[in-house]
Amino acid sequence: MKIAIYPGSFDPITKGHLDVLETGAEIFDKVIIAVAKNSEKLGFLTIDERVELIRKSCVHLNNVEVDSFDGLTIDYAAQKGATVLLRGLRAVSDFEYEMQLSQNNSALNHNIKTVFLITKPIYNFISSSSVREILLNGGDITQFVPDAVKDYLVKKYS
Ligand code: ADP
């Protein structure tokens with residue numbers, strides 16, 4: 001059974017993240033999408049809110065699990081029996097950071113490989129930070145996030 005971990009901040013989950021997740025779920029037997037409790041990043045939403053919004057956005061994917069974790073991604077992956085880390089690539093700007101991250105992870109545990117997926121072009125420009133910016137300035141986030149995320153955020157911040 002091939003298990004992949006899709007780690008990230010997902011603050012909040014966007015249609016770009018969901019597209020990567022859906023493709024991952026087609027390729028691997030099981031995908032665990034896991035919110036990293038990153039000590040360096042001050043969150044916009046709480047970890048519980050992010051997990052709940054991911055859950056609501058992927059009810060149609062029956063081989064996907066939602067979780068959160070502390071500590072090193074590679075240790076969490078090993079603990080879950082995963083052999084793959086799933087990451088998304090948008091533009092060249094993502095590449096340098098993602099390459100460094102995957103090589104660090106590979107140096108720590110070479111049994112776990114990073115697989116990069118590219119989204120459909122219509123989702124390529126979407127980021128959680130631009131969603132937050134648009135939301136907090138009263139813009140329409142419909143095209144950027146799953147419906148459940150939009151409903152929750154608009155209710156909370158209107
Ligand atoms: P992190 O803080 O770990 O970068 P993010 O939630 O920002 O967490 O992103 C998680 C992963 O999803 C990263 O690999 C990122 O490049 C990817 N990603 C984010 N938005 C998109 C998108 N629109 N299309 C493809 N991949 C994306």
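Just follow the structure's listing: the first ligand is 1, and inside any ligand the first atom is 1.
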Legend entry - ligand 1 to Tyr6 polar contact by distance, N or O atoms, under 3.5 Å: yes

Inset, instruction - Look at the side chain of Asp67 and the backbone N and O of Ala34, then say whether any donor-acceptor pair between them is shorter than 3.5 Å. - result: no

Inset, instruction - Indicate the atoms forming the closest heavy-atom contact of Pro12 with Leu45, along with that distance. - result: CB-CD1, 3.8 Å

Legend entry - Geometric N/O contact Ser9 with ligand 1, under 3.5 angstrom: yes

Legend entry - Element-labelled atoms of ligand 1 that are located less than 4.0 Å from some non-hydrogen atom of Thr119: 24 (N), 25 (C)

Inset, instruction - Kindly confirm or rule out an N or O of Gly8 lying under 3.5 angstrom from an N or O of ligand 1. - result: no

Inset, instruction - Decide, yes or no, whether a salt bridge links Asp151 with Lys56 under the criterion of side-chain N to carboxylate O below 4.0 Å. - result: no

Inset, instruction - With heavy atoms of Asp94 as the reference, note each atom of ligand 1 found under 4.0 Å away. - result: 16 (O)

Legend entry - Donor-acceptor pair, side chain of Asp19 and main chain of Lys15, under 3.5 angstrom: no

Inset, instruction - Under 4.0 Å, heavy atoms only, figure out whether ligand 1 is touched by the backbone of Lys15, its side chain, both or neither. - result: neither

Inset, instruction - Could you tell me whether the side chain of Asn109 and the main chain of Ile74 form a donor-acceptor pair under 3.5 Å? - result: no

Legend entry - Minimum non-hydrogen distance to atom 16 (O) of ligand 1, winning option of Ser130, Gly88, Pro121: Gly88

Legend entry - Donor-acceptor contact present, side-chain Asp140 to main-chain Thr142, <3.5 Å: yes

Inset, instruction - Please indicate whether any nitrogen or oxygen in Arg87 is less than 3.5 Å from any nitrogen or oxygen in ligand 1. - result: yes

Inset, instruction - May I ask which of Phe116, Phe125, Phe10 has a heavy atom nearer to atom 6 (O) of ligand 1 than the others do? - result: Phe10

Inset, instruction - Look only at interatomic distance and state if His17 has a nitrogen or oxygen under 3.5 Å from any nitrogen or oxygen of ligand 1. - result: yes

Legend entry - Phe28/Tyr6 aromatic ring centres below 6.0 Å: no

